[in-house]
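Remarks on the structure that follows.
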Number of protein chains: 2
Amino acid sequence: MNDAVADLERDRTRLGRSSTAERVADILRDRISEGFFTPGQRLSEESISEALGVSRNTLREAFRLLGHERLLEHRLNRGVFVRMLSAEDVADLYRVRRVIEGAAVRRALTPDQLTLIEAALADAERAAERDDWQGVGTANIRFHQALVSLNGSPRLDEAMRQLLAELRLVFAVMRNPRAFHEPFVERNRRLLELLRSGRSEEAAAYLDGYLDEAEKQLTRAYEPNG
Amino acid sequence: MNDAVADLERDRTRLGRSSTAERVADILRDRISEGFFTPGQRLSEESISEALGVSRNTLREAFRLLGHERLLEHRLNRGVFVRMLSAEDVADLYRVRRVIEGAAVRRALTPDQLTLIEAALADAERAAERDDWQGVGTANIRFHQALVSLNGSPRLDEAMRQLLAELRLVFAVMRNPRAFHEPFVERNRRLLELLRSGRSEEAAAYLDGYLDEAEKQLTRAYEPNG
DNA sequence: AACATAAGGATCGTTGAACAACTCGACAAG
DNA sequence: CTTGTCGAGTTGTTCAACGATCCTTATGTT
């Protein structure tokens, strides 16, 4: 019995997790990352609270939540807007990725720590065969999330989660997802092999170049019509 | 005219920055880090909103803000509590510090980047001469904050700010601040000299040992009566 | 005595309405 | 073309109310 019960404890976080404000935040978060709400757009308290059938107060709590995740921007007396990232923001996001992901790949790993990463990579490869580039993007994100989890730090995991959510704001305005996501599947494969064979310094160097390239592509595809 | 107006833009952030909820959050944050509210204590919506003269709704917005900073813990239908850190939390905080501060000291620096760090260190040394150990603690925090700023990343700065606020929750329950803070002034001095002479790998190694020691002391002073 | 159950009180969660404060565009005056 | 003024529309904040939930205490059962 004890094992089964212990397993249940993992679900406890999901239990406490059900205030209306949080569920509203979940909905809005999804809508933002799927591009339904586009960066720069203003979110009206009145129309959204009415549409979702919650009070303005509750909606405002949800707005605060997403504001702290940097998905929304709160301008006093003017309302909340879907965050619009500048080129400087993109640069900063990649600065942070280099620090956090770099620390992850430099660690000594046990083989079983790599299974999660392998799984995400396999998903990406399967999605690529299906020409499902949105799916590739999602799986790639999982790949990097799993990479960070090698640090074994809940706080770094959380930071990475937020960072990737912000990055999705940029992906949302990109017009050619294939050109962006496709090449990285292969690179992820190579990175994983370096990790598996324990060549961490090589892996770190490879990751740095990898992130440089991604940042450059993103900035290029982003800035001209920013 | 254009130059003078351009200068003003820097003040724009200060303009939007004053909703009641945020000011309430500022007050509560101060109260928590000064130990007026102690970890584990429940913060009643009714009594606090009454005491501060704001409505429950506004206070709840402030609670949400501090919850996201991990200073408060929100339990559904039970209220908010001042966060109580476990030994595992302390370990995680130091895990993150190793990653973020480690990345900072490994960078190549220009001498003028060190002036902020030097200033914080000088403050700590002066406070130590005055036997002002609270002051030493504050200056030490500024030292590490300045260290992280070498990364040049606003997001990492912000993450470090939050992390140190969490750590203050632990400092607040410590009974002998001198024993904890005093030895680190000297270590900070040594670390700065290593940085100044450009020996970054040596500095990184020194920092690692430094953080190990701090974590150990903190865990020891903390766990027995946790 | 140990345990399960039920009732009651306190507090939180959420709502709806109200009004003040503020933004922004339009239009008039200089 | 710039500066004042006005008004519509939106956000900021408060208040009162009620249902939902938790905690404690009292009650009853085995």
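Lettering of chains follows the sequences in order, A, B, ..., and the numbering in each one begins at 1. Owing to the predicted nature of the structure, the values given are computational and were not obtained by experimental measurement.
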**Contacts of type side-chain contact (heavy atoms from CB on, under 4.5 Å), residue B:R107, not counting sequence neighbours** = A:V99, B:L109, B:N151
**Message:** If you take any heavy atom closer than 4.0 Å to DNA chain C, which residues from residues 57-64 of chain B end up in contact?
**Reply:** B:N57, B:R60
**Item:** d(CD, B:E22; P, D:dG12) in whole Å
**Value:** 10 Å
**Asked** Heavy-atom count around A:E34 CD within 6.0 Å, excluding the residue itself: above 12?
**Response** yes
**Item:** Within 6.0 angstrom of B:E158 CD, more than 12 heavy atoms from elsewhere
**Value:** yes
**Asked** Taking only side-chain nitrogens and oxygens of B:H74, does any of them come within less than 4.0 Å of OP1 or OP2 of C:dC12?
**Response** no
**Prompt:** Between D:dG12 atom P and A:R56 atom CZ, what is the distance in whole Å?
**Reply:** 8 Å
**Item:** Length of the line joining B:R75:CZ and C:dC12:P, which is rounded to integer Å
**Value:** 13 Å
**Complete:** Quick note, ring pair (Phe, Tyr, Trp, His ring centres under 6.0 Å) partners involving residues 144-176 of chain A, not counting sequence neighbours, are A:H144-A:Y210, A:F171-A:F180, A:F171-A:H181
**Item:** Lys/Arg cation over aromatic A:F36: A:R31, 6.0 Å, 45° cone
**Value:** yes
**Prompt:** Looking only at heavy atoms, which two atoms of B:A165 and B:L71 are closest? And how far apart?
**Reply:** O-CD2, 3.8 Å
**Complete:** Residues passing the side-chain hydrogen bond (donor to acceptor under 3.5 Å, both in side chains) test with A:Q134, sequence neighbours excluded, are none
**Message:** I'd like to check the side-chain hydrogen bond (donor to acceptor under 3.5 Å, both in side chains) partners of A:T58; sequence neighbours left out, ordered by chain and number.
**Reply:** A:S55
**Prompt:** Does B:T20 put a side-chain nitrogen or oxygen below 4.0 Å from OP1 or OP2 of D:dT13?
**Reply:** yes
Provide a list of protein-nucleic acid N or O atom pairs under 3.5 angstrom, restricted to nucleotides 8-10 of chain D.
unit_1	atom_1	unit_2	atom_2	d
D:dT10	O3'	A:R42	NH2	2.5

**Request:** May I have the distance from B:L52 (atom CG) to D:dT13 (atom P), rounded to whole angstrom?
**Result:** 14 Å
